[in-house]
Amino acid sequence: MKSLAQVVFSSFGSSVGKKLLVALTGLALLLFLAGHLAGNLLIYRGPEELNSYAHELHTALHGSLVWIARLGLLAAFVVHVALTISLARDNRAARPHAYAKPATVQASIASRTMILSGLVILSFVVYHILHFTVHVADPSYDALVFDLHGHKVPDVYSKVVKGFSSVPISAFYILSMALLCTHLSHGFASVFQTLGLRSARTSGLLKLLGGLYALVIFVGNVSIPLSVLGGFIKPIAH
Amino acid sequence: MESKLNLTLKVWRQSDRQSQGRLVTYPAEGIPTSASFLEMLDIVNEGLISNGEEPIAFDHDCREGICGSCSLVINGVPHGPEKATTSCQLHMRSFRNGDTIYIEPFRARAFPVVKDLVVDRSAFDRIQQSGGFISVRTGSAVEANSILVAKDDADHAFRAATCIGCGACVAACKNASAMLFVAAKVSHLNILPQGQPEKDERTIRMVQQMDAEGFGGCTNQYECEAVCPKEISVDFIGRLNRDYAAAAAAETVTA
């Protein structure tokens with residue numbers, strides 16, 4: 001009899017098994033993006049709303065909720081990236097000799113650039129965490145505090161305004177969101193196909209929903225640096 | 001009067017498995033538009049033979065679009081520009097006078113070139129042998145109608161079973177993946193009652209053999225479906241993924 005470890009390893013070590021994990025982690029990341037965007041959009045309701053949301057998020061369950069989420073996301077992200085890189089290498093090796101006259105019948109550009117868009121998103125995520133979470137890019141963010149009903153809490157609002165006042169930083173965020181948008185436009189429907197939940201009856205709907213989802217994530221996120229640069233989101237008046 | 005075409009062919013020539021191949025340019029003149037693509041190659045080969053040159057090797061058998069022998073990647077598309085058509089059923093009226101046509105073998109690590117345009121597709125045979133069958137006891141045969149099959153299931157299984165195993169899906173896939181072929185072969189039996197006893201084992205073994213042969217994985221671009229001469233649907237790939245997940249889960253929790 002095969003041991004549990006052998007069964008799990010052989011089931012999830014095959015190409016189809018790896019893709020199942022890529023789809024499941026992709027789904028987790030898709031859901032996270034929706035939550036993250038919803039939180040981000042609170043900036044339009046002003047500094048108090050955004051900062052109190054951020055404060056609640058960081059103090060929920062005595063501050064452990066945010067760490068549970070972070071560790072879960074990190075695990076999903078690492079599995080998603082490591083397995084797709086492994087699969088992409090196998091895929092490349094499967095055709096050692098390219099066609100002299102290659103042709104594409106219907107594959108979208110988004111579907112053919114998943115690894116490229118994915119790697120740019122990876123570098124973006126690293127930068128994004130260093131920028132807004134760890135404050136490595138600009139240590140002066142540590143000093144930004146907001147007076148929330150007498151409590152001194154981190155001033156997320158001012159960090160965002162300060163960060164996106166820089167054109168190069170905003171441009172990098174916008175470019176990354178554009179690539180995230182193409183990544184999601186293919187990834188959304190792919191999740192369902194890989195999990196075996198797509199059929200001829202649902203394929204049109206899934207494609208449409210995937211496109212819409214990608215567009216909402218893109219427009220919602222990109223609106224923030226654009227609003228800062230355009231002066232619609234203003235620094236807190238002191 | 002039937003019109004004739006003068007074409008330029010760029011054909012992959014490779015003398016054996018080991019040697020380096022290259023694209024060679026041949027004129028193909030006076031080709032009737034009623035000729036099939038393979039008949040066009042026959043005409044070119046007649047000319048090569050009469051000049052004392054080695055004819056272009058290519059696979060063919062029934063020339064009726066049902067055996068799955070013919071291959072050929074024509075201008076980058078397996079089986080050429082017509083939808084739901086094998087190379088043997090592609091006719092020269094699909095081309096224009098003066099066209100340059102690239103003719104290459106199916107490209108995949110799992111389909112090594114044997115000679116010119118002929119590739120070794122025995123990887124598909126080994127995938128079939130790993131689980132693409134049902135076990136039936138010898139002896140007195142049961143009455144055929146004693147196993148009832150719902151009409152929808154029979155139709156669905158038949159749509160998968162129309163796969164002729166030509167390998168165009170592999171040739172078209174950006175990853176040289178055999179998922180459409182494997183999905184068709186797995187589904188064809190997994191949908192029918194006769195296929196149930198070995199369903200999970202079949203699904204896992206055929207996927208493992210597919211991986212062992214060196215095919216790539218599916219990235220859901222559906223180039224395979226677009227070129228399949230039998231229009232096998234990528235829905236079967238979704239079904240294979242689902243059957244695989246269920247089989248893997250069952251294997252994990254049962255002894």
Side-chain angles (χ1 to χ4, degrees), chain A residues 1-2 4-8 10-24 83-84 86-108 110-112 114-115 186-187 189-203 206, chain B residues 10 12 21 23 73-77 81 100-102 104-105 107-110 113 170-179 182 203-204 207-208 210-211 214-223 225-227 233-235 237-249 251-253 255:
Chain A
M1 196 184 81
K2 285 194 278 186
L4 178 65
Q6 282 172 320
V7 171
V8 170
S10 75
S11 297
F12 290 106
S14 75
S15 61
V16 177
K18 283 184 195 168
K19 284 184 298 182
L20 284 170
L21 291 176
V22 170
L24 287 170
L83 288 183
T84 42
S86 150
L87 284 163
R89 287 167 60 101
D90 291 347
N91 291 346
R92 230 161 241 207
R95 174 160 298 132
H97 199 296
Y99 290 109
K101 187 171 175 67
T104 295
V105 185
Q106 61 150 35
S108 65
S111 75
R112 297 173 61 196
M114 288 298 272
I115 274 289
H186 181 67
S190 279
V191 164
F192 290 88
Q193 171 75 342
T194 304
L195 295 179
L197 303 172
R198 174 199 165 281
S199 70
R201 200 169 286 137
T202 57
S203 69
L206 289 174
Chain B
K10 304 255 183 197
W12 184 260
L23 278 177
V73 174
I74 301 164
N75 285 336
V77 181
T100 297
I101 306 173
Y102 283 78
E104 297 178 76
R107 293 288 187 199
R109 185 170 59 151
V113 172
V170 173
C173 178
K174 302 292 178 199
N175 314 321
S177 171
M179 281 290 278
V182 175
T203 308
I204 287 179
V207 166
Q208 281 174 347
M210 170 185 83
D211 287 347
F215 292 104
C218 178
T219 44
N220 311 323
Q221 296 172 306
Y222 310 146
E223 290 283 286
E225 183 186 68
V227 303
S233 166
V234 293
D235 289 5
I237 295 180
R239 174 181 277 274
L240 171 62
N241 290 331
R242 190 164 73 232
D243 286 354
Y244 184 90
E251 197 185 9
T252 307
V253 296

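Heavy-atom basis, side chains included; hydrogens, waters and symmetry copies ignored. Numbered from 1 within each chain, the chains take letters A, B, ... in sequence-line order.
Annotation for N220(B) and Q193(A): closest pair OD1-CG, 3.4 Å, computed over non-hydrogen atoms. When all heavy atoms of K174(B) and A103(A) are compared, the pair lying nearest together is NZ-O, 3.1 Å. Residues V207(B) and V16(A) share a closest heavy-atom pair of CG1-CG2, 3.7 Å. Pairing each heavy atom of A200(A) with each of D235(B), the nearest pair is N-OD2, 2.8 Å.
Side-chain contact between T104(A) and E223(B): present, with at least one pair of heavy atoms (C-beta onward) separated by less than 4.5 Å. Counting heavy atoms from C-beta on, the side chains of T219(B) and M114(A) never come closer than 4.5 Å. Inter-residue side-chain proximity for Q208(B) and S10(A) is flagged as met; some heavy-atom pair is nearer than 4.5 Å. Counting heavy atoms from C-beta outward, K10(B) and K101(A) have side chains that stay 4.5 Å or more apart.
Atom CD of E251(B) sits about 5.0 Å away from atom OG of S11(A), to the nearest 0.5 Å. The distance from the OG atom of S111(A) to the OH atom of Y222(B) is 10.0 Å, given to the nearest 0.5 Å. Note: R107(B) CZ to R95(A) CZ = 9.5 Å, rounded to the nearest 0.5 Å. A distance of 6.5 Å separates CZ in F12(A) from OG1 in T252(B), rounded to the nearest 0.5 Å. To the nearest 0.5 angstrom, N175(B) atom CG is 9.5 Å from R92(A) atom CZ.
When each of G13(A), S203(A), S199(A) is checked for heavy-atom pairs under 4.5 Å with chain B, S199(A) comes out on top. For the set G214(B), A245(B), C218(B), the count of heavy-atom pairs under 4.5 angstrom toward chain A peaks at C218(B). In terms of heavy-atom pairs under 4.5 Å with chain B, the best-connected choice from A98(A), A189(A), P96(A) is P96(A). Of the listed residues (A23(A), A110(A), P102(A), A93(A)), the one with the most heavy-atom contacts under 4.5 Å to chain B is A93(A). Taking chain A as the reference chain and counting heavy-atom pairs below 4.5 Å, the highest number among C173(B), A249(B), A172(B) is found for C173(B). The residue among A110(B), A247(B), G216(B) with the most heavy atom pairs within less than 4.5 Å of chain A is G216(B).
Contacts between K2(A) and chain B at a heavy-atom distance below 4.5 Å involve the side chain alone, from C-beta outward. Of the atoms belonging to V105(A), heavy atoms from both backbone and side chain fall under 4.5 Å from chain B. For a residue to count as touching a neighbouring chain, one of its non-hydrogen atoms must lie under 4.5 Å from one of that chain's; by this rule D211(B) touches chain A with the side chain only. In this structure, no portion of I204(B) lies under 4.5 Å from any heavy atom of chain A. Contact annotation for V227(B): only side-chain heavy atoms (C-beta onward) come within less than 4.5 Å of a heavy atom of chain A. Contact annotation for L87(A): neither backbone nor side-chain heavy atoms come within less than 4.5 Å of a heavy atom of chain B. Heavy atoms closer than 4.5 Å to chain A are found in both the backbone and the side chain of A171(B).
Remark: the backbone N or O of G217(B) is paired with a side-chain donor or acceptor of N91(A) at under 3.5 angstrom. Remark: side-chain polar atoms of Q221(B) are not paired, donor with acceptor, to backbone N or O of S108(A) under 3.5 angstrom.
In this structure, S177(B) has no side chain to side chain donor-acceptor pair (under 3.5 Å) partners at least two apart in sequence or on a different chain.
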Next on the checklist: Could you walk me through whether Y244(B) and K19(A) satisfy the side chain to side chain contact (heavy atoms under 4.5 Å, CB included) test, starting with their C-alpha distance in whole Å, then the side-chain angles of each, then the deciding distance to 0.1 Å, before giving a yes or no?
Outcome noted: CA-CA 11 Å; Y244(B) 184 90; K19(A) 284 184 298 182; over 6 Å; no
